[in-house]
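What follows is a single structure, written as structure tokens, with notes after it.
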Amino acid sequence: MSRRQGLDGLARWANRDDWTDLLDEVFDRHFGDVLDEHDLDFDALDDLIGADAADMLWAWCFEDFATVPRETDGVTVVDDYLKRRGWKESTTRRRHLEALKASVVGLYAVDGIATRRSVTLVDLLSARPPIVIEDPAVADVLRPGDRLAARLVEISGRMRVTGAMLVFPEPMPGLIIGTLAALKERYREELLSAADAPGAIDDEAIDRSFMREFAPAFFGGAWLGSVLSEQADDETAVAINLDGEPVLFHTLSLPLTQRSAIQRLRARLDDVDGLMRDGPDRWLWTLPAGAVPQTEQMVYAAYAGDGREVAGRLELKAGTLTLTVNSAGRAVRAESLLRGAAADLLGGTETTSQTLEQHLEANPAAVAHLIGIARSGDSSSD
């Protein structure tokens with residue numbers, strides 16, 4: 001089902017000159033960095049990820065835009081539209097737009113589905129009771145266990161999804177929760193330090209403000225980035241790792257939230273199962289060595305002295321923890337592991353990537369890890 005449906009009137013209004021700058025700003029906040037990284041325009045997404053997925057992303061971002069007040073007068077595009085064109089909308093549509101304007105995004109898990117009738121969602125970011133969404137269209141597209149970002153609103157006594165939903169594959173939800181917690185804590189500290197009366201701001205107000213201002217773009221960018229990275233892996237890979245994943249090296253840089261946290265971070269990394277010291281401020285992320293896949297492709301695998309596979313390498317230097325792995329899937333899993341151990345000590349992630357060819361040019365000794373490789377105890381090269 002198209003998530004642009006029902007937003008046509010508001011979307012046309014948003015194309016007026018007095019709203020286009022804010023609309024462009026919100027779209028850039030959501031997708032600018034990801035699209036720049038892949039040298040793409042938003043219009044190219046129809047062909048790359050499919051029209052339905054591109055429509056969903058458009059609606060996700062546009063719904064966020066509908067909640068953002070204009071700096072000059074504090075008016076939202078919904079306020080402006082309903083004041084000047086609201087007479088053209090039905091009562092139901094006006095209530096929907098009012099609810100959308102006040103909505104906040106959340107992250108949910110599908111706990112149950114009544115076929116073609118309703119969906120029960122569990123809030124993954126709070127302890128609120130399960131929420132029943134009585135909407136056959138939503139029940140048709142979701143599956144038990146799905147993890148999704150969405151806006152839930154109450155209209156005429158019934159809970160609804162405003163429209164756009166982003167379903168995240170595992171293990172991304174766990175990584176998202178850990179990253180959000182770290183970002184929200186930093187936001188809280190900055191907000192309280194700037195407040196004239198910090199005691200007057202309660203945690204619930206801080207949470208709501210954070211989820212309104214930052215979470216929508218975080219969810220949208222994370223979803224699009226994961227889809228495009230997965231496609232890039234498939235297109236550029238000439239080898240696979242022991243998990244059967246296309247090899248594309250990812251380097252993740254995670255700055256410490258405070259320089260004084262270095263000792264605490266070292267101690268926590270030392271306690272993480274699967275991490276082993278490889279130097280004063282270096283660690284190896286190791287996994288049980290699986291069988292080499294039977295394939296005509298090259299296989300890339302590095303081994304530690306105990307025979308375990310080296311799945312990633314970490315280095316703590318100049319207040320930043322750097323993690324290098326050989327696939328997008330391992331990047332997600334490794335960051336989730338780190339966030340689980342030290343979410344409060346690590347800031348936002350910056351990611352760069354290298355093809356296997358680029359990696360071998362920068363690290364010629366790494367050619368030894370292409371099968372057939374001798375399983376060496378040398379862990380000094382990638």
Side-chain angles (χ1 to χ4, degrees), residues 22 25-34 60-61 63-71 74 76 100-108 123-128 147-152 162 164 166 168 172-226 252-262 264-265 268 319-321 323 332 335-351:
L22 180 58
E25 178 186 320
V26 174
F27 263 79
D28 187 64
R29 190 186 309 155
H30 277 248
F31 310 124
D33 289 344
V34 177
W60 177 263
C61 185
E63 287 187 351
D64 185 28
F65 161 69
T67 73
V68 178
R70 199 163 44 192
E71 285 190 6
T76 69
L100 171 61
K101 180 187 72 172
S103 65
V104 179
V105 297
L107 189 66
Y108 303 95
D123 193 330
L124 295 176
L125 302 177
S126 77
R128 66 192 291 194
R147 267 63 173 166
L148 65 143
R151 294 174 181 271
L152 305 188
T162 55
L166 299 178
F168 291 96
M172 281 197 69
L175 173 59
I176 285 171
I177 291 171
T179 305
L180 270 181
L183 294 175
K184 184 165 64 176
E185 181 58 28
R186 183 186 300 180
Y187 174 79
R188 179 180 182 277
E189 291 174 355
E190 292 176 352
L191 196 65
L192 293 177
S193 65
D196 293 331
I201 306 176
D202 61 31
D203 287 341
E204 185 176 342
I206 292 174
D207 286 353
R208 184 175 179 83
S209 176
F210 174 82
M211 295 302 291
R212 280 183 67 88
E213 292 183 32
F214 294 101
F218 175 77
F219 287 139
W223 190 92
L224 178 59
S226 69
L252 286 67
S253 298
L254 300 91
L256 273 69
T257 54
Q258 300 174 352
R259 284 296 186 97
S260 60
I262 289 178
R264 283 181 289 159
L265 181 60
R268 293 195 196 179
T320 297
L321 181 64
L323 162 70
V332 172
E335 187 173 1
S336 181
L337 184 72
L338 295 178
R339 296 287 181 191
D344 58 321
L345 305 182
L346 299 172
T349 305
E350 292 186 5
T351 304

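The basis for the numbers below is simple: all heavy atoms, side chains too, and nothing from hydrogens, waters or symmetry mates. Being a predicted model, the structure only gives us computed values, none of them experimental.
Across Pro255 and Gly348, no two heavy atoms sit closer than the pair CD-O, 3.1 Å. In this structure, Leu265 and Ala342 approach most closely via the heavy-atom pair CD1-CB, 3.7 Å. When every heavy atom of Leu107 is checked against every heavy atom of Asp123, the shortest pair comes out as O-OD1, 3.6 Å. Taking all atoms of both residues into account, the shortest heavy-atom contact from Gly74 to Pro69 is O-CB, 3.5 Å. When all heavy atoms of Leu256 and Ala261 are compared, the pair lying nearest together is CD2-C, 3.9 Å.
Counting heavy atoms from C-beta outward, Leu180 and Leu125 have side chains that approach closer than 4.5 Å. A heavy-atom distance below 4.5 Å is found between the side chains of Leu254 and Glu335. Thr349 places a side-chain heavy atom less than 4.5 Å from the side chain of Thr351. Residues Arg29 and Val26 have side chains in contact (heavy-atom distance under 4.5 Å, counting atoms from C-beta outward).
Arg268 contributes atom CZ, which lies 9.0 Å from atom CG of Leu346 (distance to the nearest 0.5 angstrom). In this structure, Trp60 CH2 and Arg151 CZ are separated by 6.0 Å, a value rounded to the nearest 0.5 Å. Here the straight-line distance linking atom CG of Leu345 with atom CG of Leu338 works out to 11.0 Å at 0.5 Å rounding. Taken from CZ in Phe210 to CZ in Phe218, the straight-line distance is 7.5 Å, to the nearest 0.5 Å. For the atom pair CZ (Arg147) and CG (Leu124), the distance works out to 6.0 Å, reported to the nearest 0.5 Å. Between Arg70 atom CZ and Thr76 atom OG1 the span is 9.0 Å, to the nearest 0.5 Å.
For the pair Glu204 and Arg208, the salt-bridge criterion is not met [side-chain N within less than 4.0 Å of a carboxylate O]. Using a 4.0 Å cut-off between a side-chain N of Lys or Arg and a carboxylate O of Asp or Glu, Arg339 and Asp344 do not qualify as a salt bridge.
Side-chain contact check for Glu63 and Thr67: no donor-acceptor pair (N or O, by modelled atom type) lies under 3.5 Å.
Between the side chain of Ser209 and the backbone N or O of Ile206, no donor-acceptor pair lies under 3.5 Å.
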### Audit row: His30, Phe219, side chain to side chain contact (heavy atoms under 4.5 Å, CB included) steps and yes/no
CA-CA 8 Å; His30 277 248; Phe219 287 139; over 6 Å; no
### Task
Would you please test Leu148 and Phe168 for side chain to side chain contact (heavy atoms under 4.5 Å, CB included) and show each step?
CA-CA 6 Å; Leu148 65 143; Phe168 291 96; 5.8 Å; no
### Task
Decide yes or no on side chain to side chain contact (heavy atoms under 4.5 Å, CB included) for Cys61 and Asp64, but give the supporting numbers first.
CA-CA 5 Å; Cys61 185; Asp64 185 28; 5.6 Å; no
### Query
Please walk me through it: do Leu100 and Thr162 pass side chain to side chain contact (heavy atoms under 4.5 Å, CB included)?
CA-CA 6 Å; Leu100 171 61; Thr162 55; 4.1 Å; yes
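Counting non-hydrogen atoms of neighbouring residues, nucleotides and ligands closer than 6.0 angstrom, the CD atom of Glu213 exceeds 12 such neighbours.
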